[in-house]
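A short write-up of the structure that comes next.
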Amino acid sequence: MSFITEIKTFAALGSGVIGSGWVSRALAHGLDVVAWDPAPGAEAALRKRVANAWGALEKQGLATGASQDRLRFVATIEECVKDADFIQESAPERLELKLQLHGKISAAAKPNALIGSSTSGLLPSEFYEGSTHPERCVVGHPFNPVYLLPLVEVVGGQHTAPEAIQAAIKVYQSLGMRPLHVRKEVPGFIADRLLEALWREALHLVNDGVATTGEIDDAIRFGAGLRWSFMGTFLTYTLAGGDAGMRHFMAQFGPALQLPWTYLPAPELTDKLIDDVVEGTSEQLGKHSISALERYRDDCLLAVLEAVKVTKAKHGMSFAE
Ligand SMILES: NC(=O)C1=CN([C@@H]2O[C@H](COP(=O)(O)OP(=O)(O)OC[C@H]3O[C@@H](n4cnc5c(N)ncnc54)[C@H](O)[C@@H]3O)[C@@H](O)[C@H]2O)C=CC1
Ligand SMILES: C[N+](C)(C)CC(=O)CC(=O)[O-]
């Protein structure tokens with residue numbers, strides 16, 4: 001079976017934080033977008049989120065013909081997917097819900113239209129179990145904000161055809177993304193496994209009264225966060241080993257791995273811990289609204305993306321390297 005990779009119509013099921021991010025990205029790339037979400041008021045909320053993202057997308061550069069008017073919101077799953085060339089599901093992270101939803105999506109979709117799920121870490125073999133033509137079904141795990149961050153983890157399940165993985169990579173590239181094929185189907189994939197380890201430790205630090213949420217965020221944004229946008233942990237630590245590189249780094253800092261610096265199991269989410277985290281982050285939000293902070297985040301991201309792109313070019317590297 002050959003899968004559709006030249007796409008004109010993008011279907012989005014679920015239009016919350018992530019679904020609206022996909023809609024914004026697809027519209028900015030000049031596609032027709034059809035969306036469905038069962039929540040009351042979902043269409044208005046979606047259009048508001050797209051409008052909030054549009055300024056950043058204009059600054060980044062819209063494709064010819066790109067317009068928010070090319071979004072159509074429909075009343076049923078079937079109407080959403082029947083003419084779509086590519087389908088992206090961004091429904092709540094519940095296995096049973098995704099299993100049922102994909103049964104309906106795949107039955108109504110064109111048989112050669114690829115189906116992607118935004119799941120953060122559920123296994124595609126499990127939630128595509130009841131799907132029609134499961135060979136075209138993949139995970140395409142994006143990062144928030146979907147319309148600006150390039151990474152998308154592409155993961156296949158036991159029935160996914162290798163050609164579908166390659167075809168999905170092609171489609172995501174056509175949307176300006178940087179796909180990363182996760183070769184083994186594991187819970188949490190690659191990035192969320194890393195992020196969750198950090199998140200668990202951050203919660204322990206709050207729980208133990210070591211630091212506030214703001215202080216923990218400062219520890220990231222003024223340090224490792226700055227270098228993570230252009231160099232990952234392995235290469236960073238190779239440089240931290242000086243001229244002797246990674247072997248010296250392992251000899252010097254390897255033994256610390258045996259010290260009890262990290263807890264690994266998550267802390268119990270007691271009411272007190274939840275209150276501390278919520279109060280801490282409300283203080284961090286201050287008088288800013290979420291949508292104002294989204295625009296601030298987007299401007300920062302655009303500046304970082306541009307700076308990294310220009311600097312890579314100066315060093316003879318492409319952006320995707
Ligand atoms: N929020 C995040 O940072 C990220 C989330 N994801 C994944 O994206 C997916 C969606 O997450 P969010 O957008 O954060 O959630 P959300 O709660 O913001 O949005 C979920 C949307 O799904 C709708 N919905 C409810 N029942 C539905 C159904 N049966 N079929 C379709 N839609 C339904 C809701 O009305 C809501 O608009 C999840 O699988 C999540 O793991 C992936 C990357 C990052
Ligand atoms: C918190 N989360 C697991 C939903 C986060 C992601 O999946 C990716 C992201 O945007 O950090």
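Whatever order the structure lists ligands and atoms in, that order sets their numbers, starting from 1.
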Among all protein heavy atoms, pick the one closest to atom 9 (C) of ligand 2 and tell me residue, atom and distance.
-> Phe143 CD2, 3.5 Å
Should Phe127 and Leu101 count as side-chain neighbours, where that means a heavy-atom distance under 4.5 Å?
-> no
For residues Ala84 and Ala113, report the shortest heavy-atom separation together with the two atoms involved.
-> O-CB, 3.6 Å
Salt bridge check: are Lys272 and Asp276 linked by an N-O gap of less than 4.0 Å?
-> yes
Top protein contact for atom 3 (O) of ligand 1, by heavy-atom distance = Asn144 CB, 4.0 Å
For ligand 1, note which part of Phe143 has a heavy atom under 4.0 Å away: side chain, backbone, both or neither.
-> neither
Protein heavy atom under 4.0 angstrom of atom 1 (C) of ligand 2, is there one?
-> no
Do any heavy atoms of His141 fall under 4.0 Å from ligand 2?
-> yes
What is the closest protein heavy atom to atom 7 (C) of ligand 1, and at what distance does it sit?
-> Ser118 O, 3.3 Å
Ion pair present between Lys110 and Asp85, side-chain N to carboxylate O less than 4.0 angstrom?
-> yes
The atoms of ligand 1 lying under 4.0 Å from a heavy atom of Ala39, numbered in the order shown, are 35 (O)
Kindly indicate whether the side chain of Ser120, heavy atoms from C-beta on, has any atom under 4.5 Å from the side chain of Phe189.
-> no
Could you find the nearest protein heavy atom to atom 6 (N) of ligand 1 and give me its residue, atom name and distance?
-> Ser120 OG, 3.3 Å
If you compare Ser120, Gly188, Gly21 by their heavy atoms, the one closest to atom 4 (C) of ligand 2 turns out to be Ser120
Is it the side chain, the backbone, both or neither of Val17 that has a heavy atom closer than 4.0 Å to ligand 1?
-> both
Should Arg49 and Glu294 count as an ion pair when the cut-off is N to O under 4.0 Å?
-> yes
Starting from atom 20 (C) of ligand 1, find the nearest protein heavy-atom neighbour and note its residue, name and distance.
-> Ser90 O, 3.9 Å
With heavy atoms and a 4.0 Å threshold, my read on which part of Leu122 contacts ligand 1 is neither
Under a 4.5 Å cut-off applied to non-hydrogen side-chain atoms, are Gln88 and Ile18 in contact?
-> no
Non-hydrogen atoms of Ser24 and Tyr147 that approach each other most closely = CB-CB, 3.9 Å
Would Lys312 count as a cation-pi partner of Phe319, with NZ or CZ less than 6.0 Å from the six-membered ring centre and within 45° of the ring normal?
-> yes
Aromatic contact, Trp22 with Tyr172 (centres under 6.0 Å) | yes
Give the single entry among Gly16, Ala42, Cys80 that approaches atom 19 (O) of ligand 1 most closely by any heavy atom.
-> Gly16
Purely on distance, is any nitrogen or oxygen of Trp36 under 3.5 Å from one on ligand 1?
-> no
Answer yes or no: is there a side-chain heavy-atom contact under 4.5 Å between Ile105 and His102?
-> yes
Atoms in ligand 1 with a heavy atom of Lys98 nearer than 4.0 Å | 38 (C), 39 (O)
Flag the pair Lys8 / Asp83 as yes when at least one side-chain heavy-atom distance between them is below 4.5 Å, and no otherwise.
-> no
Find out whether Leu226 and Arg221 are in side-chain contact, i.e. whether some heavy atom of one side chain is under 4.5 Å from a heavy atom of the other.
-> no
Do any N/O atoms on Glu93 end up under 3.5 angstrom from N/O atoms on ligand 1?
-> yes
Residue pair Arg25 / Leu175: nearest heavy atoms and the distance that separates them = NH1-O, 2.6 Å
Could you list the atoms of ligand 1 found under 4.0 angstrom from a heavy atom of Leu101?
-> 30 (N), 31 (C)
Among Ala191, Ala91, Pro92, Gly14, closest by any non-hydrogen atom to atom 24 (N) of ligand 1 = Pro92
Should the pair Asp32-Arg70 be classified as a salt bridge under the 4.0 Å nitrogen-to-oxygen rule?
-> yes
Donor-acceptor pair between Asn112 and His133 side chains, under 3.5 angstrom | no
Ligand 1-proximal atoms of Ala45, by part, heavy-atom distance under 4.0 Å = neither
Exercise check, heavy-atom protein proximity under 4.0 Å to atom 15 (O) of ligand 1 = no
Are side-chain heavy atoms of Lys170 and Phe3 found at a separation under 4.5 Å?
-> no
If you scan protein heavy atoms around atom 11 (O) of ligand 2, the nearest is Leu195 CD1, 3.7 Å
Ligand-side contact atoms (ligand 1) for residue partner Thr119, heavy atom cut-off under 4.0 Å = 39 (O)
With heavy atoms of Pro142 as the reference, note each atom of ligand 1 found under 4.0 Å away.
-> 43 (C)
Could you check atom 10 (O) of ligand 2 against the protein and tell me its nearest heavy-atom contact, residue, atom and distance included?
-> Asn144 N, 3.0 Å
Under 4.0 Å from any heavy atom of Pro38, which atoms of ligand 1 are there?
-> 24 (N), 25 (C), 26 (N), 27 (C), 28 (C), 31 (C), 32 (N), 33 (C)
Heavy-atom nearest option to atom 3 (C) of ligand 2, drawn from Thr119, Leu151, Asp192 = Asp192
How does His141 reach ligand 1, if at all, at less than 4.0 Å between non-hydrogen atoms: by side chain, backbone, both, or neither?
-> side chain
Per-residue contact class, Ile18 against ligand 1 - non-hydrogen pairs under 4.0 Å = both
Under 3.5 Å, N or O to N or O, is Asp37 touching ligand 1 that way?
-> yes
